[in-house]
Amino acid sequence: MNASEYHIPELISEESIQERIAELAHALNTHYHGMQPIILCNLIGAFRFYSDLIREMTIPLQTEFISFTRYFDDIPDKTLTQMKPARLNLHNRHCILIDDIWDHGTTLNALMHDIQALQPASLYTAVLLNKSNDQKIQLPIDWVGFSVPNVFVIGYGLDYKENYRYLNYIGILSDSANKT
Ligand code: IMP
Ligand code: MG
């Protein structure tokens with residue numbers, strides 16, 4: 001598949017993403033100086049943001065990769081989610097949760113809840129994108145890369161049906177032809 005084939009409109013350029021990530025990394029370096037935080041990557045969507053952020057960080061840190069198990073109980077339309085166990089012990093550690101996008105906030109809310117249950121010394125959250133959405137769960141998100149309109153965005157880790165994660169920029173999936 002070739003992105004240019006589909007004429008995916010660019011919302012945030014590769015250059016803008018990298019500039020903003022350098023600013024976020026600088027803020028994290030300052031905030032976590034001397035604390036050796038654990039940086040948690042919520043797979044899969046955050047993987048590119050995460051790796052570029054780590055690359056720009058200059059303090060000692062530990063990496064961890066987390067994801068959700070989703071399962072359905074007997075009640076129709078009710079999806080239950082639970083964080084898969086982390087390899088590292090998060091108890092009494094300074095943790096930073098990294099995610100791709102804060103849309104409704106259901107995912108972040110559940111993740112933050114599950115991480116807090118492990119009693120870290122602190123938990124802060126950084127997301128690359130904050131989507132404008134009227135039905136948001138209000139959450140204490142500490143660092144945001146960009147605010148985006150309420151459109152479906154793809155690229156730089158974000159997918160539509162597992163496609164487009166490879167794009168180096170954030171695009172808008174506007175054309176129904178792109179969805180097939
Ligand atoms: P939530 O609505 O904040 O719980 O978002 C759930 C998940 O849906 C996010 O972590 C993303 O992986 C995915 N998601 C939400 N909006 C978009 C989008 O515009 N493009 C691609 N994935 C999205
Ligand atoms: Mg996600």
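Just so you know, ligand 1 is whichever comes first in the structure, and atom 1 is the first atom listed for that ligand.
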Close-contact set for ligand 1 against V151 heavy atoms, below 4.0 Å: 19 (O)
Any N/O pair F152/ligand 1 closer than 3.5 Å: no
Interatomic spacing from CG in N109 to CD1 in I137 - rounded to 0.5 Å: 4.5 Å
Flag if over 12 foreign heavy atoms under 6.0 Å of NE2, H104: yes
Proximal atoms of ligand 1 relative to D103 (non-hydrogen, under 4.0 Å): 1 (P), 2 (O), 3 (O), 5 (O), 15 (C), 16 (N)
Nearest option to atom 6 (C) of ligand 1, as decided by whichever heavy atom of T107, I154, I101 sits closest: T107
Mode of D159 contact toward ligand 1 - side chain, backbone, both, neither (heavy atoms, under 4.0 Å): backbone
From I17, D100, I21, residue fulfilling side chain to side chain contact (heavy atoms under 4.5 Å, CB included) relative to F49: I21
Sub-3.5 Å N/O-N/O distance, W102 and ligand 1: no
Proximal atoms of ligand 1 relative to H104 (non-hydrogen, under 4.0 Å): 1 (P), 2 (O), 3 (O)
Test item: side-chain donor near acceptor, N150 and N133, under 3.5 Å: no
Neighbour count >12 (heavy atoms, 6.0 Å) for atom CD, E15: no
Atom pair CD1/CG of I101 and D99 - distance to nearest 0.5 Å: 9.0 Å
Test of proximity, G105 against ligand 1: N or O pairs below 3.5 Å: yes
pair H94-Q36: side-chain heavy atoms closer than 4.5 Å: no
Donor-acceptor pair between D52 and Q18 side chains, under 3.5 angstrom: yes
Side chain, backbone, both or neither: the part of D100 lying under 4.0 Å from ligand 1 by heavy atom: side chain
Subset of ligand 1 atoms that lie under 4.0 Å from at least one heavy atom of K131: 16 (N), 17 (C), 18 (C), 19 (O)
Close approach of L129 to ligand 1, heavy atoms, under 4.0 angstrom: no
